[in-house]
Amino acid sequence: MAGECVPEGPDLGDMSEEELWELINDNRHRISLGVRPCILIPYLRQARVLAEMDEDEILSSHNLTNRSMRTSYMLDLLKTQGRNGAVALLESLMIHYPILYTQVTGRKPSTEPSRFSGLIKYSELTEYLVRAVTGMQKELQEARCEASKMRSHCASLELEVRQIMGLEEKSRDLQTENERMRRHLCSLQRDVTKLKEEKCDLYMRYTAAIEEKSAVNMRLHDLNLQIYQLQTELQKAQMENEFQKKCSLRSTSPADTPQLQEEVRRLRCQLVKVEKLDPAREDILAQDLAEAIDSQVELAEQLRCYREENEQLLTDKQGLLDQKECLSLQVQQLTLDCKMHQQKSTVIQSQMKELQAERDQAYLSRDEAQAMIARILAEKDTLRCQLVELQEQVFSLQAKGSPRRERTNFDKTEMDWESLRSSCEESISCPRRRLCRMDAINPMSLTSEWEDSTASVRSRNPEPPSPESFRRREEALYTDSSLDTLDTDSLCEDFVFIPDVGSEDKQTPRLFSCKGSSIDGSVSRSSYPPFLMRSRPKAIRVNGRVLSISLQGEALLSQLAVVGGNKTGVFVHQVTEGSAAHTVGISRGAQIVEVKYEQNQKALRMVLEDSTLEEAMWALGQVTGLCHLSLRPRQDDYEALLQQLQSSETISGDSFYVRVNMSLSAGPNGTLAVSCNDILHVTNTRPAGTEDSWCASQVHPCQLLDLQSGTVPNYYRAQRLLIRAIEDMSFQTNKSRKAGRVVDQNKQKVVRIVGTGRQGRNPLWVSVDEENTKSTEPSGDTSAPKSCLTLMPYSLVTPLFPPICRPVLLLPTILGHSLNKKLADWQGFELCEPEVLSASEHAARLQRSEILEEFEQGTHCCYTLQSVEKVMKKGIHCVLPLGLDCVRRLHRAQIYPIIIFIGLSARTARKLKSKLQRHSQSEERLLACSKSEEPLLDKLPCLYHSVAPDSWSDQASLLTLLRSIIWEEQKKIVWVEHDQW
């Protein structure tokens, strides 16, 4: 509608070149802001006003930093083409930017052939318009799909908003209910306070009543005393009266009779007054009498209780005295046992010292015997060489001489052979047998090896040199080296020896436990894949009290639930009532140390002492039939773990660090976006709601702090993604080669090819060991390989904090040799100097792996560990003029260098041409060295820093950049992975 209102402008065909370019220049700013060159270039290429070099220069020039600059530069190139360039530009605007075309020319856009200038043929123009329309339709379809996705996303968001509003309404209701409950609680608290006050008043009144009662009782007691006194006086008066009456009857005079009668009358009146008491006093006295009787009964009952308690205390006293006597006897016995154990420990320590001395002496004897055997073998080799020369001489003499001379020479040859044979037998008259610790080596394997060794070159019968004899010698020497590598110092019954499953060395003797249960090393791979195996030490110490329980383990995970991880241990969290686990007495808080079960007539054992939660649940899910669980009671640790989980201090018992060997993009549900060689802290291997993800966090490069958290694929899903990424990369590489394109070497690294090494094991998985069973049938999978190489998406790493300045290794080696001296001239850097050693010292240091690299072949001038440590003790960086082979030797000495790889291209190599010529090197050799050493960096067990080719312009800027990189790398944590090779 807007286009119909625009007035028709002048015809473009009638306009001259200057008018066209004046029209374009007037609208140059509008064209530069609204046009994308990558859309117009195909039409301009079709119209032959732009060449391929012009297209590359417009789209790939580093000087053109934004779209407006590229469009302006494209207009300048089109202006050199004159009228055709202007017409082609306007026609391309008419096709792709019709609104801008109308604003520039004032004409309505049209796709009629008559409106085009004829720079492109009709068929080519039709084909281009069809392609353009098809592209626009695809863009429209994609826009519609995106709009539908956005609508669905908006609908989901609206649904979430409604859910959130519903939750908010529920929260409001809960808040009002909470306020109501609070008010009710406050009213109840006030009522309770009132009741407490009333209770306090009652207590006060009761106390006052008790005090009044005690006062009344005291008053009654006083009255009773007075009554008793009056009764006593009355009795005395009666007795006196009786006495006087008797006296008066005996001697009574008529004169005294009236007086006596008067006194008797008076006494009788007093007696009547005394006998007539008040009724109230009588009631009080009766009540006092009843209370006295009740108190007397209560006192009698208390007396009886006190007597019973006394008898019970006497019996308890007698029991305690008996226990005291028993405890005194036990103390005496324990004292004697302690003294005896002290004496035994003293004797055992002295015996251990003697055994250590004997062991050292035996090792010395073994070394002497090995040296003697090596010397004898060398002499035997020289004798065999002499024998070969003598045989050649005999054959030549037999060909030249007569039959008699042939017979004579043959007799002489036989005599020489017998003499050499006798001398050889005298020199190796009695070969000494190897010294072995029989408690750590299977005797059956030793006998089989000894029988095999009797047929080797170390036998008493010398034989002429041949390929078979040399092959047997190599096998015997390999067997001896494998025997020397056994760790025979671990003793006693607290160790469980685990075989090296999948090892390529078939002749290595297998370890067995002290109880005599031997372990077979050739594990069948039918029940589980070879990468579900984790490399563990050959002996695991089992500490604490361990309880072994046998039960039917069908659906074991339905009988019990577990919690924990590799950091805290795996604990039993819940036990299903009525299940076999509940019947045998398994309770919460027990740590699962080990599980044993049978599968396909093979006894399998899985050690879960330091396994992750994912490993433990997988291992328990494999159990079928009768199983044996080894449990260790650790209730305190289990309760501490539960408290941490409830307080959200941790989300599980897992905690380990991995190095990512592939790039992963961000996804839904909080999936982390990680790059190759990133370090992750895995905190949960079995999060709730998912079975193929880990909870992990990115780690701060300089501190052990967790940064962004999220989920990443677990080991197996990541392994499938890694294989798919490698397949896509190989397909893209083949496609680019067929198309004749060059792959950009500066592209960010997507994957890192790392295998499990010779063991064929995943170092992040539980160890599964197969024990010898009673079945004597041979293994069905005889063609299974002993080892295989599997890709590892994650590598287990350990953080290290070097306390001093780390050495610096620059790669490629050719470029490093030319930059080392310049870098060493800076303050804080020093070049590692070679040392000149004697022949004996060189051999000794070579045996101790202290020589990093030879300075010159054929001489004893070399770079050693001591020279590197000497520079590091000064507190400065040691610049290493060495290759990649020195990295593992430095790691064995706990020296972790800073490895910097300088990326190169043909353009950057030309900048160093003069520098390379001074060192007699060329650009081709430098690029070849960089190309050969770059793949070797992925095999290093540590991280390295890569410098992009376009980040430096000359040698001075490169050295400044290297210095800043070294300072940054020195602050970072050193992450070292377990070297599988």
Side-chain angles (χ1 to χ4, degrees), residues 494 496 498 532 534-537 539-549 556-557 559-575 581 586-596 605-623 629-658 679-691 693-697 699 704-706 709-712 714-715 762-768 794 796-799 978:
D494 290 340
V496 179
I498 299 174
L532 298 182
R534 180 160 58 181
S535 177
R536 293 182 181 273
I540 296 178
R541 183 83 177 185
V542 181
N543 296 321
R545 181 166 56 89
V546 177
L547 178 65
S548 181
I549 298 178
L556 188 57
L557 288 178
Q559 301 183 26
L560 53 87
V562 295
V563 70
N566 67 310
K567 183 179 180 181
T568 60
V570 179
F571 297 93
V572 177
H573 185 51
Q574 291 180 355
V575 182
I586 297 177
S587 60
R588 297 176 57 186
Q591 181 189 3
I592 304 177
V593 179
E594 186 180 78
V595 58
K596 296 180 182 178
R605 180 181 63 170
M606 301 182 186
V607 180
L608 306 181
E609 191 166 9
D610 58 348
S611 64
T612 62
L613 184 59
E614 182 185 22
E615 298 170 4
M617 296 186 69
W618 177 88
L620 296 176
Q622 300 297 314
V623 175
L629 292 180
S630 296
L631 305 177
R632 177 183 294 140
R634 291 177 56 190
Q635 191 68 28
D636 295 340
D637 297 339
Y638 170 70
E639 292 178 356
L641 175 61
L642 289 185
Q643 290 180 359
Q644 291 178 1
L645 294 175
Q646 292 174 359
S647 61
S648 300
E649 294 181 10
T650 180
I651 58 177
S652 75
D654 293 323
S655 178
F656 57 92
Y657 296 90
V658 295
I679 302 297
L680 296 179
H681 181 203
V682 181
T683 54
N684 190 0
T685 58
R686 196 65 184 267
T690 179
E691 295 183 357
S693 298
W694 288 349
C695 289
S697 304
V699 184
L704 281 179
L705 298 176
D706 293 346
S709 300
T711 60
V712 294
N714 66 349
Y715 191 89
N762 165 17
L764 297 174
W765 199 252
V766 65
S767 65
V768 182
Y794 305 119
L796 192 64
V797 293
T798 304
H978 301 279

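Predicted model only: the values in this text are computed from it and were never measured.
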Participant: Where is the tightest heavy-atom contact between V546 and S630, given as atom of each residue plus distance?
Facilitator: CG1-CB, 3.8 Å
Participant: Evaluate F656 against T685 for side chain to side chain contact (heavy atoms under 4.5 Å, CB included), listing each step before the verdict.
Facilitator: CA-CA 10 Å; F656 57 92; T685 58; 3.8 Å; yes
Participant: Just by modelled atom types, is the G564 backbone N or O under 3.5 Å from a matching donor or acceptor in the T568 side chain?
Facilitator: no
Participant: State, to 0.1 Å, how close L645 and T650 come at their nearest heavy-atom pair, and which atoms those are.
Facilitator: CD2-O, 3.5 Å
Participant: Look up atom CG in L641 and atom CD in E649, then write down how far apart they are to the nearest 0.5 Å.
Facilitator: 10.5 Å
Participant: Sub-3.5 Å donor-acceptor pair from the side chain of Q559 to the main-chain atoms of A581, do we have one?
Facilitator: yes
Participant: When rounded to the nearest 0.5 angstrom, what is the spacing between CG in L629 and CD1 in I592?
Facilitator: 6.0 Å
Participant: Any heavy-atom pair between the side chains of E615 and L608 that's under 4.5 Å?
Facilitator: no
Participant: Determine the minimum heavy-atom distance between V607 and S611, stating which atoms define it.
Facilitator: O-CB, 4.5 Å
Participant: Which pair of non-hydrogen atoms, one from H573 and one from V563, has the smallest distance, and what is that distance?
Facilitator: CB-CG1, 3.8 Å
Participant: Taking all non-hydrogen atoms of both residues, which atom of M606 and which atom of A619 are closest, and how far apart?
Facilitator: SD-CB, 3.2 Å
Participant: Within the structure provided, determine whether E609 and Q591 are in side-chain contact (heavy-atom separation under 4.5 Å).
Facilitator: yes
Participant: To the nearest 0.5 Å, what is the distance between CD1 on I549 and CD1 on I586?
Facilitator: 5.0 Å
Participant: Kindly give the heavy-atom pair with the smallest separation between D610 and N566, and that separation in Å.
Facilitator: O-CB, 3.3 Å
Participant: I'd like to know whether R632 forms a side chain to side chain contact (heavy atoms under 4.5 Å, CB included) with D637, so could you lay out the CA-CA distance, the side-chain angles of the two residues, the decisive distance to 0.1 Å, and finally the verdict.
Facilitator: CA-CA 11 Å; R632 177 183 294 140; D637 297 339; over 6 Å; no
Participant: Checking side-chain contact (heavy atoms from CB on, under 4.5 Å) between H681 and each of V658, L704, D706, which is the one that passes?
Facilitator: D706
Participant: Atom OG1 of T612 and atom OH of Y715: how far apart are they, to the nearest 0.5 Å?
Facilitator: 12.5 Å
Participant: Should L642 and F571 count as side-chain neighbours, where that means a heavy-atom distance under 4.5 Å?
Facilitator: no
Participant: Any donor-acceptor pair under 3.5 Å linking the side chain of D654 with the backbone of V682?
Facilitator: no
Participant: Could you pull out all residues at least two apart from S693 that satisfy side-chain hydrogen bond (donor to acceptor under 3.5 Å, both in side chains)?
Facilitator: R717
Participant: What is the distance from atom CD of Q644 to atom OG of S652, rounded to the nearest 0.5 Å?
Facilitator: 10.5 Å
